[in-house]
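Remember, it's a predicted structure, so these values are computed and weren't measured experimentally. The figures that follow rest on heavy atoms only: side chains count, while hydrogens, waters and symmetry mates do not.
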Amino acid sequence: MPHVNEPGMQVPDRPQCDPDKIRIIHVGMGASGLLAAHKAKKMLSNYELVCYEKNDTVGGTWVSHTYTFPFEPNPDWSGYYAYAPEIQEYFMRFYKKHNLEPFVVLGTEVVAAEWHDLEGKWQIQLKRKDGTTFEDTCNVLINGSGVLTKWKWPAIDGVHDFQGVLAHSAYWPQDLDWTDKRVAVIGTGSSSIQMVPKLAATASSVTVFMRKPTYIAPQFGANITNKEADPDAMDPAAAGKHQYTEKEKQRFRDYPDYHLDYRKKVEGSIVGGWDMFNKGTDLNVRVREFMQNQMRDRLGDRDDLKEKIIPTWSPGCRRLTPGECYLEALIQKNVTCKFDGIDSVNASGLRTGKGEQVDIEILVCATGFNVQYLPHFRIVGLGGQVMQDQTTPNVYASIAAPGFPNYFVINGPRGNWGQGCALPSHETQMEYILQCCRKMQEDQIKSMHPKEKITTHLNEYEDAWHKKVCSAHSIWSEDCKSWYKDNTINGRIHIWPGSLLHHLKYLKRPRYEHYEIDYKDPDNIFAFLGNGRTIGQVKYGAEAPVPYIRNDEDAPWDVE
């Protein structure tokens, strides 16, 4: 029987994998937004990208050589740890160097997003600083607003009845002078650890209200020296106590390979300590004993503080913070530690759980952030389901969510929250997302989202890993309160089940078999094959490259 002359299947008159137009909205213009704009220029064509940033400037707050983009070194850091203004300057240089301004709209907040499945688009509600609102649409929505963005006041009666100066570590009055003042600090987290020594240096008195024990870590990467560049180079030390010499910085500038080797040593000193996060390993036992003994030595004869402050659980169960001079500050004569809780705050100070009144002039709340386990804006997916209605985040590998097509998040729950620097995983996740965008363009895909069953299995595996890791246990499952566990002791652990390297390897390429994929034309899913030509043949004709012909078997190649 002869073939039908005109089959029903339509053959588009375009080359194979000719990319469809795609529009992407990215929430925020911090490190993730900078990566989105920069990487899209390299990885995509025929696209639009807009990054809506609620603040009036781009950037973020990070520290040290490890807190640079892995591919964008900075030979001019002033010291091993840098303060926020210098880091902001690094991000602004990156922003200008790569001409990313066309991709950002400042002073504009994403307040809601709703998926329209028929069109295969997100409808986005936005609000400007002046209160006016408008709408935008996109094929792909990337949430890069971060998990620690909304700082919180302590849940204590009367906090805003205080008549003195009320300050939060994340919203600090720049002109605040605590010299000869009576100060109280609520909290024992990383902000408190950094602030107490400075406050105690000049305040007439500092009362630190503590609820939870915490480890005070030694300096990270303290074994990394740079004497080869300059014999007078300082060893790594706390922010403000280490400075790179001009000889060191000149060596970094003149010899990029030397600088790269130095950066790798710094990063390696952090990721190389992974075994300390597995309870029962030799390194875990040795680090716990070392840190506990070091804290005992630094607290001197203050047995009362040793009993209350030094944890019994493993280092890293709560996020580790180097705290030079913190323990020494706690034993100063003008510093008092209170462990009996706070009943309420009043006009002149605080009333403790035992009924004691503590009168102060400055109240410092080092009480951290409301962790964004779910997006800070309302998001509606397939079938009208609202993500904020979830009792626990239902996230695939920290990056996507079943039932919410074409939605991606950078470093969401079950991400790199405690294993090391966030920027390597930011880069890997952004490249993962843009690979998905490119596949959607080239294969004429309307939408993709993780399969519910796959996501459930992955989460079950992650839960099991935290309970038992081969012959060891995850230290995050120990009896500490941590924001990894929503500030509970026995809650679900929202952190990746493995090392930073393990996390990067899993997300280096998408596993599309884990996704529900809907094509623009479900009856013609091979329409992307086009008219029998490749893009290279259309561009170059008979001169089209043949990159598979090569001398080096290992040289990467692809057909355009």
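- Side chains of T245 and D230: a donor-acceptor N/O pair is present below 3.5 angstrom, by distance only.
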**OP:** Please step through salt bridge (charged side-chain N to carboxylate O under 4.0 Å, His left out) for the pair E246 and R253, ending with a clear verdict.
**Re:** CA-CA 10 Å; E246 189 53 41; R253 296 185 202 107; 3.0 Å; yes
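- Summarising the geometry of L504 relative to S425, their closest heavy-atom pair is CD2-CA, 3.5 Å, with the distance given to 0.1 Å.
- Pairing each heavy atom of A555 with each of R550, the nearest pair is O-NE, 3.8 Å.
- Checking side-chain atoms of D20 against main-chain N and O of M440 turns up no donor-acceptor pair under 3.5 Å.
- In this structure, the side chains of I309 and L330 come closer than 4.5 Å at one or more pairs of heavy atoms.
- Ionic pairing of E109 and K129 is not present here: no N-O contact between side-chain nitrogen and carboxylate oxygen is shorter than 4.0 angstrom.
- Between I410 and S32 the shortest heavy-atom distance is CG1-OG, 3.2 Å.
- Proximity of the aromatic rings of H426 and F69 is defined here by a centroid distance below 6.0 angstrom, and this criterion is not met.
- Judged by distance alone, the side chain of E101 and the main-chain N or O of Y95 form no donor-acceptor pair under 3.5 Å.
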Original post:
What do the steps show when you test D235 against H242 for side chain to side chain contact (heavy atoms under 4.5 Å, CB included), and what is the final call?
Top reply: CA-CA 7 Å; D235 289 333; H242 173 275; 6.0 Å; no
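- A side-chain donor from one of Q292 and Y215 sits under 3.5 Å from a side-chain acceptor of the other.
- Rounding to the nearest 0.5 Å places CG of N139 at 8.0 Å from CD1 of I24.
- Judged by the 6.0 Å and 45° rule, K439 forms a cation-pi pair with Y512.
- Taking the six-membered ring where the residue is Trp, the centroids of F252 and W77 are separated by 6.0 Å or more.
- In this structure, I193 and I216 have side chains that are in contact, with non-hydrogen atoms separated by less than 4.5 Å.
- Looking at L299 and I331, their side chains come closer than 4.5 Å, going by heavy atoms from C-beta outward.
- Under the 3.5 Å distance criterion, the side-chain polar atoms of R288 are left unmatched by any main-chain donor or acceptor of R286.
- Note that CD of Q429 is 11.0 Å distant from CD1 of I142, once rounded to the nearest 0.5 Å.
- Across every non-hydrogen atom of S474 and H466, the tightest pair is OG-ND1, 3.1 Å.
- Relative to the six-membered ring of Y396, R414 misses at least one condition, a distance below 6.0 Å or an angle of at most 45° to the axis.
- Panel note: side chain E53, backbone N55; a donor-acceptor pair is recorded below 3.5 Å.
- For Q332 (side chain) and A201 (main-chain N/O), no donor-acceptor pair under 3.5 Å exists by modelled atom type.
- Shown here for F404 and I379, the closest heavy-atom pair between the two residues is CE2-O, 3.7 Å.
- N46 places none of its side-chain heavy atoms less than 4.5 Å from the side chain of L44.
- Ionic pairing of K247 and D232 is not present here: no N-O contact between side-chain nitrogen and carboxylate oxygen is shorter than 4.0 angstrom.
- For the atom pair OG (S169) and CE (M195), the distance works out to 5.5 Å, reported to the nearest 0.5 Å.
- Among all heavy-atom pairs drawn from S477 and K485, the shortest one is C-NZ, 4.3 Å.
- Between Y244 and Y262, the ring planes are perpendicular. Angles over 60° get that label, and only those under 30° would be called parallel.
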Subject >> side chain to side chain contact (heavy atoms under 4.5 Å, CB included) evaluation trace for Y432 with R509 >> reply: CA-CA 6 Å; Y432 177 108; R509 61 172 181 84; over 6 Å; no
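- Residues T202 and W178 have side chains that bring a donor and an acceptor to within less than 3.5 angstrom of each other.
- Atom-to-atom distance recorded for I493:CD1 and E478:CD is 10.0 Å, nearest 0.5 angstrom.
- No option in Y484, Y373, W476, W483 other than Y373 meets the ring-ring contact (aromatic ring centres under 6.0 Å, His included) test with H494.
- Side-chain atoms of Q435 come within 3.5 Å of backbone atoms of K508 as a donor-acceptor pair (strictly under, hydrogens ignored).
- Side-chain polar atoms of S314 and N284 form a donor-acceptor pair below 3.5 angstrom.
- Between atom CD of residue E427 and atom CG of residue L507 there is a gap of 12.5 Å, rounded to the nearest 0.5 Å.
- Checked by atom type and distance alone, the side chain of N226 never pairs as donor or acceptor with a backbone atom of M234 at under 3.5 Å.
- No more than 12 heavy atoms of other residues, nucleotides or ligands shown are found within 6.0 angstrom of CG on N551.
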Subject >> Step-by-step side chain to side chain contact (heavy atoms under 4.5 Å, CB included) determination, M29 to Y52 >> reply: CA-CA 7 Å; M29 195 58 175; Y52 287 111; over 6 Å; no
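- The closest side-chain heavy-atom distance from R318 to T188 is below 4.5 Å.
- In this structure, the side chain of N334 engages the main chain of A203 through a donor-acceptor pair within 3.5 Å.
- A salt bridge links D136 with R23; the closest basic N to acidic carboxylate O contact falls under 4.0 Å.
- Within the 3.5 Å criterion, the main-chain N or O of L500 finds no donor-acceptor partner in the side chain of N416.
- Atom CG of L100 and atom CZ of F94 lie 6.0 Å apart (nearest 0.5 Å).
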**OP:** Apply ring-ring contact (aromatic ring centres under 6.0 Å, His included) to F408 and H26, showing your working.
**Re:** CA-CA 9 Å; F408 298 95; H26 184 281; over 10 Å; no
Original post:
Taking it one step at a time, do C421 and I270 satisfy side chain to side chain contact (heavy atoms under 4.5 Å, CB included)?
Top reply: CA-CA 9 Å; C421 174; I270 296 172; over 6 Å; no
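- Inter-residue side-chain proximity for Q419 and V271 is flagged as unmet; no heavy-atom pair is nearer than 4.5 Å.
- Atom NZ of K481 has 12 or fewer heavy atoms from other residues, nucleotides or ligands within 6.0 Å.
- Ion pair R263/E267 not flagged as a salt bridge, since none of the NZ, NE, NH1 or NH2 atoms sits closer than 4.0 Å to an Asp/Glu carboxylate oxygen.
- For NZ of K39, the number of neighbouring non-hydrogen atoms (other residues, nucleotides, ligands) closer than 6.0 Å is greater than 12.
- No hydrogens or angles considered: a donor-acceptor pair under 3.5 Å links the side chains of N143 and Y407.
- The shortest distance between side-chain heavy atoms of L434 and R438 does not fall below 4.5 Å.
- The pair R251-E228 meets the salt-bridge criterion, since a charged nitrogen lies less than 4.0 angstrom from a carboxylate oxygen.
- The main-chain N or O of H98 is found under 3.5 Å from a side-chain atom of K41 such that the two form a donor-acceptor pair.
- Centroid-to-centroid, the aromatic rings of Y255 and H259 stay 6.0 Å apart or farther.
- Between S482 and R319, every side-chain heavy-atom pair lies at or beyond the 4.5 Å cut-off.
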